[in-house]
Visitor: 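Before anything else, here's the structure in question.
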Amino acid sequence: MEKFIPVVVIKELSETDKILTALKNNNINCAEITFRTACAAEAIAYAAKNYPDMEIGAGTVINAEQCEAALAAGATFIVSPGLSPAVAKICTERNITYYPGCVTPTEITAAVNMGLKVVKFFPANVYGGLNAMKNLAGPFVGLKFLPTGGVNAANIKEYIDAPFIHAVG
């Protein structure tokens, strides 16, 4: 997995080539295409077919139906804003990487008990950023975080360099 997982919102299918080409031109071979738009599944299918050297995932997946649609379209990983047991079950059964949004010890415990090793920390800037993740990493030995929200050019190096960070979004 890349150290960067760009969160991509594709509003029209015609934007897909422009966005993915720009990522590739910057040596980023991964994209999380969000399920916030009507063409999300179509964009994932297009990206999976036309950019086979890129890892294409689905983001903002909040239920089993969206997860099934994303996987059918060719998504290789799933990201959720929160923890969905139904999505976790589908991903575990199919050996698909799942990054659920977890920010509290209770949510993280639930994710760890489902066998997950990486959780999305969203929105990182609202829930304490690096300091919060550093403190949570203590009791959750070996757990890695994927922070999104508030990660920017001014702080990205600090995030990437932290030992408990899997990647940044």
Side-chain angles (χ1 to χ4, degrees), residues 1-10 23 28-38 40-41 43-45 47-48 54-152 155-156 159-160 162-169:
M1 179 62 65
E2 302 273 335
K3 270 296 201 178
F4 303 100
I5 304 176
V7 178
V8 176
V9 180
I10 297 179
L23 290 174
I28 299 173
N29 294 304
C30 181
E32 171 195 333
I33 298 175
T34 67
F35 255 75
R36 297 180 201 172
T37 65
I44 290 167
M54 291 186 76
E55 191 166 358
I56 304 297
T60 321
V61 174
I62 59 173
N63 58 46
E65 293 76 23
Q66 287 178 332
C67 184
E68 293 286 2
L71 295 176
T76 60
F77 65 94
I78 302 292
V79 185
S80 296
L83 176 61
S84 166
V87 172
K89 183 177 188 292
I90 291 167
C91 291
T92 299
E93 288 172 352
R94 297 187 192 174
N95 200 29
I96 299 290
T97 300
Y98 176 46
Y99 302 118
C102 298
V103 296
T104 68
T106 300
E107 293 166 336
I108 295 168
T109 297
V112 168
N113 286 334
M114 291 177 188
L116 302 173
K117 307 282 187 221
V118 179
V119 296
K120 176 178 176 175
F121 195 80
F122 168 79
N125 57 333
V126 172
Y127 288 107
L130 272 175
N131 189 44
M133 287 178 277
K134 178 182 178 185
N135 283 285
L136 288 164
F140 295 103
V141 177
L143 182 76
K144 300 282 185 173
F145 294 92
L146 170 61
T148 64
V151 179
N152 55 49
N155 63 19
I156 196 166
Y159 273 91
I160 290 172
F164 46 84
I165 299 298
H166 173 71
V168 296

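Nothing here was measured: the structure is a model prediction, and the numbers come from that model.
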Visitor: Any sub-3.5 Å donor-acceptor pair from Lys144's side-chain atoms to Pro163's backbone N or O?
Guide: yes
Visitor: Tell me the closest heavy-atom pair linking Pro6 and Leu23, and the distance in Å.
Guide: CG-CD2, 3.7 Å
Visitor: Just so I know, are the side chains of Glu32 and Tyr99 near enough to count as touching, which here means a heavy-atom distance under 4.5 Å?
Guide: no
Visitor: Where is the tightest heavy-atom contact between Pro100 and Val118, given as atom of each residue plus distance?
Guide: CD-O, 3.9 Å
Visitor: Nearest 0.5 Å, what's the NZ-SG distance between Lys120 and Cys102?
Guide: 10.5 Å
Visitor: Just verifying a value: how many Å separate Thr148 OG1 and Asn125 CG, rounded to the nearest 0.5 Å?
Guide: 9.0 Å
Visitor: Of all heavy-atom pairs between Thr37 and Ile10, which one has the smallest distance, and what is that distance?
Guide: OG1-O, 2.7 Å
Visitor: Taking all heavy atoms of Met114 and all of Ala88, pick out the closest pair and write down the distance.
Guide: SD-CB, 3.6 Å
Visitor: Please answer whether the main-chain N or O of Asn152 pairs with a side-chain N or O of Asn155 as donor and acceptor at a distance below 3.5 Å.
Guide: yes
Visitor: Locate the shortest heavy-atom distance separating Phe140 from Leu136; write the atom from each residue and the value.
Guide: CD1-O, 3.1 Å
Visitor: Around Tyr127, counting heavy atoms of other residues, nucleotides and ligands shown, do more than 12 lie under 6.0 Å from its OH?
Guide: no
Visitor: Do the rings of Phe145 and Phe121 sit parallel, tilted or perpendicular, given the 30° and 60° boundaries?
Guide: perpendicular
Visitor: Show me, pair by pair, the donor-acceptor contacts under 3.5 angstrom made by side chains of residues 60-82, not counting sequence neighbours?
Guide:
| residue | atom | partner | partner atom | Å |
| --- | --- | --- | --- | --- |
| Thr60 | OG1 | Arg36 | NE | 3.3 |
| Asn63 | OD1 | Glu65 | N | 3.2 |
| Asn63 | OD1 | Gln66 | N | 2.8 |
| Gln66 | OE1 | Ile62 | N | 2.8 |
| Glu68 | OE1 | Arg94 | NH1 | 2.9 |
| Glu68 | OE1 | Arg94 | NH2 | 2.8 |
| Glu68 | OE2 | Arg94 | NH2 | 3.0 |
| Thr76 | OG1 | Ile56 | O | 3.2 |
| Ser80 | OG | Val61 | O | 2.4 |
| Ser80 | OG | Tyr98 | OH | 3.1 |

Visitor: Starting from the C-alpha separation in whole Å, work towards a yes-or-no answer on side-chain contact (heavy atoms from CB on, under 4.5 Å) for Ile165 and Ile160.
Guide: CA-CA 6 Å; Ile165 299 298; Ile160 290 172; 5.6 Å; no
Visitor: Do you know the tightest heavy-atom contact between Ala167 and Leu146?
Guide: O-CD1, 3.2 Å
Visitor: Distance from Thr104 atom OG1 to Leu83 atom CG, nearest 0.5 Å?
Guide: 9.5 Å
